[in-house]
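Here is the structure we will look at.
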Amino acid sequence: MRIDIITVLPELLKSPFEASILKRAIDAGLVSVHFHNLRDYTSDNYKSIDDTQFGGGAGMVMMIEPIDKCISKLKSERDYDEVIYMTPDGETLNQGIANQLSMKGNLIMLCGHYKGVDQRVRDQFITKEISIGDYVLSGGELGAAVLCDSIIRLIPGVLGNETSALTDSFQDGLLAPPIYTKPRDYKGWTVPEILVSGNFPKIEKWREEQALEHTKTRRPDLLED
Ligand code: ADE
(Lines give C-alpha, C1' and ligand atoms only; values in the text may rest on other atoms or scores of the structure.)
Protein backbone atom coordinates (compact mmCIF):
# COMPACT_ATOMS: atom_id res chain seq x y z
CA MET A 1 0.00 0.00 0.00
CA ARG A 2 1.05 3.57 -0.68
CA ILE A 3 -0.34 6.59 1.16
CA ASP A 4 0.29 10.17 -0.03
CA ILE A 5 -0.60 12.84 2.52
CA ILE A 6 -1.08 16.43 1.37
CA THR A 7 -0.56 18.92 4.20
CA VAL A 8 0.65 22.39 5.12
CA LEU A 9 2.22 20.97 8.29
CA PRO A 10 4.25 17.86 7.41
CA GLU A 11 6.22 18.19 10.65
CA LEU A 12 3.02 17.66 12.65
CA LEU A 13 2.49 14.33 10.93
CA LYS A 14 5.87 12.69 10.86
CA SER A 15 6.44 11.35 14.36
CA PRO A 16 3.65 8.72 14.43
CA PHE A 17 5.32 7.09 11.44
CA GLU A 18 8.73 7.05 13.10
CA ALA A 19 7.76 4.76 15.97
CA SER A 20 6.12 1.52 16.86
CA ILE A 21 3.93 -0.55 14.57
CA LEU A 22 3.73 2.07 11.82
CA LYS A 23 7.50 2.30 11.56
CA ARG A 24 7.76 -1.49 11.52
CA ALA A 25 5.23 -1.69 8.69
CA ILE A 26 7.14 0.92 6.68
CA ASP A 27 10.53 -0.72 7.36
CA ALA A 28 9.10 -4.08 6.27
CA GLY A 29 7.98 -2.52 2.98
CA LEU A 30 4.31 -3.30 3.65
CA VAL A 31 3.34 0.36 3.28
CA SER A 32 5.00 3.58 2.17
CA VAL A 33 3.88 6.99 3.39
CA HIS A 34 4.78 10.17 1.50
CA PHE A 35 4.26 13.76 2.67
CA HIS A 36 3.59 16.59 0.26
CA ASN A 37 3.85 20.17 1.48
CA LEU A 38 1.14 22.24 -0.24
CA ARG A 39 3.38 25.29 -0.14
CA ASP A 40 5.62 23.57 -2.68
CA TYR A 41 2.72 23.84 -5.15
CA THR A 42 2.02 27.57 -4.79
CA SER A 43 2.72 30.05 -7.55
CA ASP A 44 3.16 33.38 -5.71
CA ASN A 45 6.14 34.73 -3.75
CA TYR A 46 4.25 34.49 -0.46
CA LYS A 47 3.50 30.80 -1.00
CA SER A 48 -0.15 31.51 -0.20
CA ILE A 49 -2.41 28.55 0.19
CA ASP A 50 -5.50 30.31 1.53
CA ASP A 51 -7.61 33.41 0.96
CA THR A 52 -10.76 35.14 2.26
CA GLN A 53 -14.23 33.77 1.50
CA PHE A 54 -16.37 34.97 -1.37
CA GLY A 55 -19.58 36.40 0.09
CA GLY A 56 -17.77 37.48 3.25
CA GLY A 57 -17.50 35.71 6.58
CA ALA A 58 -14.86 34.93 9.14
CA GLY A 59 -12.04 32.52 8.38
CA MET A 60 -9.76 31.70 5.51
CA VAL A 61 -10.40 29.11 2.81
CA MET A 62 -7.77 26.86 1.23
CA MET A 63 -7.44 27.67 -2.47
CA ILE A 64 -7.98 25.16 -5.22
CA GLU A 65 -4.86 25.80 -7.32
CA PRO A 66 -2.08 24.37 -5.11
CA ILE A 67 -4.31 21.40 -4.22
CA ASP A 68 -5.13 20.78 -7.90
CA LYS A 69 -1.43 20.93 -8.82
CA CYS A 70 -0.44 18.48 -6.10
CA ILE A 71 -3.26 15.97 -6.68
CA SER A 72 -2.85 16.16 -10.49
CA LYS A 73 0.89 15.50 -10.22
CA LEU A 74 0.29 12.45 -8.02
CA LYS A 75 -2.46 11.16 -10.29
CA SER A 76 -0.21 11.53 -13.34
CA GLU A 77 2.25 9.15 -11.66
CA ARG A 78 -0.14 6.35 -10.63
CA ASP A 79 -3.79 5.46 -10.16
CA TYR A 80 -5.41 6.06 -6.79
CA ASP A 81 -8.22 4.06 -5.20
CA GLU A 82 -9.47 6.97 -3.10
CA VAL A 83 -8.75 10.67 -2.63
CA ILE A 84 -9.76 11.26 0.97
CA TYR A 85 -10.45 14.66 2.54
CA MET A 86 -10.11 14.84 6.33
CA THR A 87 -12.93 17.04 7.60
CA PRO A 88 -15.25 17.20 10.62
CA ASP A 89 -18.32 17.02 8.33
CA GLY A 90 -17.18 13.76 6.68
CA GLU A 91 -18.37 10.22 7.36
CA THR A 92 -17.35 9.23 10.89
CA LEU A 93 -14.44 6.79 10.89
CA ASN A 94 -15.25 3.31 12.19
CA GLN A 95 -13.71 -0.15 12.01
CA GLY A 96 -15.68 -1.00 8.87
CA ILE A 97 -14.18 1.95 6.97
CA ALA A 98 -10.69 1.07 8.24
CA ASN A 99 -11.15 -2.55 7.11
CA GLN A 100 -12.23 -1.47 3.62
CA LEU A 101 -9.40 1.03 3.20
CA SER A 102 -6.79 -1.48 4.42
CA MET A 103 -7.49 -3.53 1.28
CA LYS A 104 -6.72 -0.65 -1.12
CA GLY A 105 -3.49 -0.07 -3.04
CA ASN A 106 -2.93 3.70 -3.29
CA LEU A 107 -4.57 6.41 -1.21
CA ILE A 108 -4.32 10.19 -1.12
CA MET A 109 -5.26 12.01 2.11
CA LEU A 110 -5.81 15.76 2.02
CA CYS A 111 -5.61 17.59 5.34
CA GLY A 112 -7.83 20.65 5.68
CA HIS A 113 -6.98 23.80 7.63
CA TYR A 114 -8.67 27.06 8.61
CA LYS A 115 -12.32 26.96 7.55
CA GLY A 116 -11.56 24.18 5.08
CA VAL A 117 -11.06 23.90 1.33
CA ASP A 118 -12.83 25.62 -1.58
CA GLN A 119 -15.94 23.50 -2.32
CA ARG A 120 -14.69 22.93 -5.88
CA VAL A 121 -11.82 20.82 -4.48
CA ARG A 122 -14.38 18.53 -2.87
CA ASP A 123 -16.57 18.43 -5.97
CA GLN A 124 -13.75 17.76 -8.44
CA PHE A 125 -11.13 15.67 -6.67
CA ILE A 126 -12.40 14.07 -3.48
CA THR A 127 -13.89 10.57 -3.51
CA LYS A 128 -14.32 10.11 0.26
CA GLU A 129 -14.63 12.51 3.20
CA ILE A 130 -13.72 11.24 6.64
CA SER A 131 -14.10 12.68 10.13
CA ILE A 132 -12.47 11.08 13.16
CA GLY A 133 -15.24 12.26 15.49
CA ASP A 134 -17.71 15.00 16.32
CA TYR A 135 -15.24 17.65 17.41
CA VAL A 136 -13.17 20.15 15.49
CA LEU A 137 -9.38 19.83 15.27
CA SER A 138 -7.09 22.65 14.15
CA GLY A 139 -6.32 20.71 11.00
CA GLY A 140 -6.78 17.35 9.34
CA GLU A 141 -3.24 16.12 10.16
CA LEU A 142 -4.03 14.42 13.45
CA GLY A 143 -7.10 12.90 11.82
CA ALA A 144 -4.96 11.59 8.95
CA ALA A 145 -2.51 10.07 11.46
CA VAL A 146 -5.39 8.32 13.24
CA LEU A 147 -6.82 7.09 9.94
CA CYS A 148 -3.41 5.79 8.79
CA ASP A 149 -2.84 3.96 12.07
CA SER A 150 -6.28 2.32 11.92
CA ILE A 151 -5.65 1.17 8.33
CA ILE A 152 -1.98 0.16 8.46
CA ARG A 153 -2.32 -2.16 11.47
CA LEU A 154 -4.84 -4.18 9.44
CA ILE A 155 -2.52 -4.84 6.48
CA PRO A 156 -1.61 -8.56 6.56
CA GLY A 157 1.82 -9.06 8.08
CA VAL A 158 1.89 -5.78 10.02
CA LEU A 159 0.81 -7.17 13.38
CA GLY A 160 3.04 -9.95 14.72
CA ASN A 161 0.15 -12.23 15.58
CA GLU A 162 -2.20 -12.09 12.61
CA THR A 163 -5.21 -13.03 14.69
CA SER A 164 -4.77 -10.17 17.10
CA ALA A 165 -6.44 -7.59 14.83
CA LEU A 166 -9.35 -9.99 14.38
CA THR A 167 -10.02 -10.05 18.12
CA ASP A 168 -9.92 -6.25 18.49
CA SER A 169 -12.95 -4.39 19.75
CA PHE A 170 -15.45 -3.66 16.94
CA GLN A 171 -14.19 -6.39 14.59
CA ASP A 172 -17.23 -8.54 15.38
CA GLY A 173 -19.47 -5.57 16.17
CA LEU A 174 -18.76 -5.95 19.91
CA LEU A 175 -16.32 -4.43 22.39
CA ALA A 176 -13.49 -6.74 23.45
CA PRO A 177 -13.86 -8.76 26.69
CA PRO A 178 -11.63 -8.04 29.73
CA ILE A 179 -8.08 -9.41 29.58
CA TYR A 180 -5.61 -10.37 32.32
CA THR A 181 -1.97 -11.40 32.69
CA LYS A 182 0.37 -12.45 35.51
CA PRO A 183 0.34 -12.34 38.46
CA ARG A 184 -2.78 -14.34 39.14
CA ASP A 185 -3.21 -12.60 42.50
CA TYR A 186 -2.05 -9.00 42.93
CA LYS A 187 -2.77 -7.50 46.37
CA GLY A 188 -5.74 -9.86 46.66
CA TRP A 189 -7.17 -8.70 43.30
CA THR A 190 -7.56 -11.99 41.52
CA VAL A 191 -8.05 -13.11 37.95
CA PRO A 192 -11.45 -14.73 37.15
CA GLU A 193 -11.20 -18.48 37.94
CA ILE A 194 -12.53 -19.48 34.53
CA LEU A 195 -9.47 -18.04 32.76
CA VAL A 196 -7.10 -20.31 34.66
CA SER A 197 -9.35 -23.38 34.43
CA GLY A 198 -7.80 -24.71 31.21
CA ASN A 199 -11.32 -25.34 29.87
CA PHE A 200 -11.01 -23.58 26.53
CA PRO A 201 -14.57 -24.01 25.22
CA LYS A 202 -15.84 -22.55 28.51
CA ILE A 203 -13.30 -19.72 28.35
CA GLU A 204 -14.44 -18.88 24.82
CA LYS A 205 -18.07 -18.84 25.97
CA TRP A 206 -17.18 -16.62 28.95
CA ARG A 207 -15.36 -14.20 26.66
CA GLU A 208 -18.36 -14.00 24.33
CA GLU A 209 -20.70 -13.33 27.27
CA GLN A 210 -18.38 -10.68 28.68
CA ALA A 211 -18.02 -8.98 25.30
CA LEU A 212 -21.80 -8.83 24.96
CA GLU A 213 -22.28 -7.58 28.53
CA HIS A 214 -19.55 -4.97 28.12
CA THR A 215 -21.13 -3.77 24.86
CA LYS A 216 -24.64 -3.64 26.40
CA THR A 217 -23.49 -1.40 29.24
CA ARG A 218 -21.02 0.84 27.39
CA ARG A 219 -22.14 0.96 23.77
CA PRO A 220 -25.75 -0.24 23.43
CA ASP A 221 -25.87 1.61 20.10
CA LEU A 222 -23.60 -1.09 18.61
CA LEU A 223 -26.28 -3.72 19.27
CA GLU A 224 -29.12 -1.77 17.67
CA ASP A 225 -29.20 -3.47 14.29
N1 ADE B 1 -10.26 18.33 10.64
C2 ADE B 1 -10.78 19.09 11.63
N3 ADE B 1 -11.54 18.38 12.46
C4 ADE B 1 -11.52 17.10 11.98
C5 ADE B 1 -12.11 15.88 12.41
N6 ADE B 1 -12.91 15.81 13.48
N7 ADE B 1 -11.86 14.77 11.67
C8 ADE B 1 -11.08 14.83 10.58
N9 ADE B 1 -10.49 15.94 10.14
C10 ADE B 1 -10.70 17.07 10.84
Side-chain angles (χ1 to χ4, degrees), residues 1-22 25 31 33-42 47-55 57-68 70-71 74 80-104 106-155 168-170 218-219 221-222:
M1 172 181 285
R2 175 186 169 111
I3 303 176
D4 289 276
I5 306 181
I6 305 174
T7 166
V8 280
L9 283 172
E11 59 279 19
L12 185 59
L13 258 169
K14 289 196 172 147
S15 68
F17 300 95
E18 286 163 2
S20 172
I21 287 173
L22 300 189
V31 62
V33 182
H34 308 262
F35 303 98
H36 306 276
N37 191 335
L38 257 192
R39 292 198 197 276
D40 295 340
Y41 296 85
T42 51
K47 296 192 180 289
S48 321
I49 47 124
D50 59 333
D51 210 327
T52 53
Q53 292 190 47
F54 278 124
M60 303 293 272
V61 178
M62 288 170 75
M63 294 188 293
I64 191 168
E65 189 185 347
I67 297 173
D68 176 16
C70 185
I71 292 179
L74 289 171
Y80 284 90
D81 298 291
E82 300 282 3
V83 182
I84 301 167
Y85 176 47
M86 302 307 302
T87 177
D89 59 352
E91 185 183 0
T92 309
L93 179 61
N94 58 32
Q95 196 63 40
I97 298 175
N99 286 342
Q100 281 170 17
L101 291 175
S102 73
M103 293 183 276
K104 305 289 186 189
N106 299 323
L107 301 174
I108 290 177
M109 295 180 193
L110 171 64
C111 304
H113 261 268
Y114 320 108
K115 279 280 164 206
V117 296
D118 187 308
Q119 181 61 36
R120 291 169 291 183
V121 169
R122 300 168 77 155
D123 296 343
Q124 301 299 325
F125 303 121
I126 301 300
T127 61
K128 207 172 190 57
E129 303 191 331
I130 295 182
S131 162
I132 63 159
D134 290 343
Y135 40 83
V136 177
L137 303 167
S138 348
E141 282 76 10
L142 296 178
V146 168
L147 178 61
C148 285
D149 187 303
S150 74
I151 294 172
I152 292 171
R153 63 194 300 286
L154 296 173
I155 298 172
D168 283 345
S169 279
F170 306 113
R218 295 185 173 208
R219 291 292 306 277
D221 58 297
L222 293 177

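The model shown is predicted, which means the values in this text are computed figures rather than measured ones. Because only heavy atoms are used, hydrogens play no part in the values below, and waters and symmetry mates are left out as well, while side chains stay in. As the structure lists them, so they are numbered: ligands from 1, and atoms in each ligand from 1.
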Checklist entry - In terms of atom number and element, which parts of ligand 1 are under 4.0 angstrom from non-hydrogen atoms of Ile130? => result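 Contacts of ligand 1 toward Ile130, numbered from 1: 8 (C).
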Checklist entry - Gly133 heavy atoms, cut-off 4.0 Å: which ligand 1 atoms fall inside? => result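 Heavy-atom distances to Gly133 below 4.0 Å select 6 (N).
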Item to check | Over 12 non-hydrogen atoms of neighbours within 6.0 angstrom of CZ in Arg39 | outcome: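 For Arg39, atom CZ is crowded (more than 12 foreign heavy atoms under 6.0 Å).
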Checklist entry - Within a radius of less than 6.0 Å around CG of Asp221, do more than 12 heavy atoms belonging to other residues, nucleotides or ligands occur? => result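 Yes, CG of Asp221 has more than 12 neighbouring heavy atoms, counting only those of other groups under 6.0 Å.
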Distance from [atom] to nearest protein heavy atom, with residue and atom:
atom: atom 6 (N) of ligand 1; result: Tyr135 O, 2.8 Å
atom: atom 7 (N) of ligand 1; result: Ile132 N, 2.9 Å
atom: atom 10 (C) of ligand 1; result: Pro88 CD, 3.7 Å
atom: atom 3 (N) of ligand 1; result: Leu137 N, 3.0 Å

Checklist entry - Roughly how far apart are Ile5 CD1 and Cys148 SG, rounded to 0.5 Å? => result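 Reported value, rounded in 0.5 Å steps: 4.0 Å.
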Item to check | Gap between atom CG of Leu147 and atom CD1 of Ile152 - 0.5 Å precision | outcome: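 Interatomic distance, Ile152 CD1 to Leu147 CG, rounded to 0.5 Å: 9.0 Å.
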Any atom of ligand 1 sitting under 4.0 Å from a heavy atom of [X]?
X: Gly112; result: no
X: Gly139; result: yes
X: Leu93; result: no

Checklist entry - Side chains of Ile6 and Ile67: does their closest heavy-atom pair fall under 4.5 Å? => result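 No, side chains not in contact.
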Next on the checklist: Counting C-beta onward and ignoring hydrogens, is there a side-chain heavy-atom pair between Val121 and Leu110 closer than 4.5 Å?
Outcome noted: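 They are in side-chain contact.
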Checklist entry - Of the backbone atoms (N, CA, C, O) and the side-chain heavy atoms from C-beta on, which set of Thr87 has a member under 4.0 Å from an atom of ligand 1: side chain, backbone, both, or neither? => result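 Backbone only; the side chain of Thr87 stays clear of ligand 1.
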Checklist entry - Side chains of Thr7 and Glu141: is there a donor and an acceptor less than 3.5 Å apart? => result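 Short answer, yes.
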